[in-house]
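Encoded as structure tokens, here's the structure I'll be asking about.
These numbers were taken from a predicted model, which means no experiment stands behind them.
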Amino acid sequence: MKSPEVIDRIEKSLPQTLRKCRYCGEGAEEYVRADRNYDGTRGYIATVRCTGCGVSVFAFGLDIRPALVMAKSYWEKGVCDV
């Protein structure tokens with residue numbers, strides 16, 4: 001897990017709005033849900049998904065904010081979890 005200082009730094013580097021999908025050019029939406037990771041630790045899974053083609057990225061965090069920041073960061077970098 002990333003420290004709060006690292007999450008702050010990553011969040012400051014992100015644009016205010018999510019970029020368009022690199023594959024189809026449609027917009028993206030973000031979702032968060034309570035869940036568990038692979039070893040059963042409770043937390044949140046944030047997902048950023050294209051509204052057009054459905055390509056998505058996700059990230060797990062113990063709190064909502066770190067999960068969302070990391071998912072948005074992956075989306076902006078072009079990481080793909082298809």
(request) Quick one: pull up CG in L62 and NZ in K2 and give me the separation to the nearest 0.5 Å. (result) 13.0 Å
(request) Taking all non-hydrogen atoms of both residues into account, name the closest pair between A67 and F60 and its distance. (result) CB-C, 4.2 Å
(message) Rounded to the nearest 0.5 Å, what separates atom OH in Y31 from atom CZ in F58?
(response) 15.5 Å
(message) I need the R42 CZ to N37 CG distance, nearest 0.5 Å.
(response) 12.0 Å
(request) State plainly whether one hydrophobic cluster holds both V69 and V32, where clusters connect Ile, Leu, Val, Met, Phe, Trp and Tyr through side-chain heavy atoms under 4.5 angstrom apart. (result) no
(message) Applying a strict under-4.5 Å side-chain criterion to I, L, V, M, F, W and Y, I'd like to know whether V55 and V79 cluster together.
(response) yes
(request) Working to the nearest 0.5 Å, report the span between CD1 of I7 and CG of L68. (result) 10.5 Å
(message) Using every non-hydrogen atom in the two residues, find where R49 and G54 come nearest and quote the distance to one decimal.
(response) NH1-O, 3.4 Å
(message) Please check: side-chain N/O of D63 versus main-chain N/O of R65, any donor-acceptor pairing under 3.5 Å?
(response) no
(request) Find out whether S56 and W75 are in side-chain contact, i.e. whether some heavy atom of one side chain is under 4.5 Å from a heavy atom of the other. (result) no
(request) Taking the side chain as every heavy atom from C-beta outward, state whether M70 and V6 have any pair of such atoms under 4.5 Å apart. (result) no
(request) Work out which heavy atom in A59 is nearest to a heavy atom in A71; give both atom names and the distance. (result) CB-N, 3.7 Å
(message) Rounded at 0.5 Å granularity, tell me how far NZ in K72 sits from OG in S13.
(response) 11.5 Å
(request) State the CZ-CG distance between R19 and L14, to the nearest 0.5 angstrom. (result) 11.5 Å
(message) For a quick test of reading the model, state the closest non-hydrogen atom pair linking C24 to C53 and the distance between them.
(response) SG-N, 3.7 Å
(request) Among L18, V48, V57, find the one that has a side chain to side chain contact (heavy atoms under 4.5 Å, CB included) with E76. (result) L18
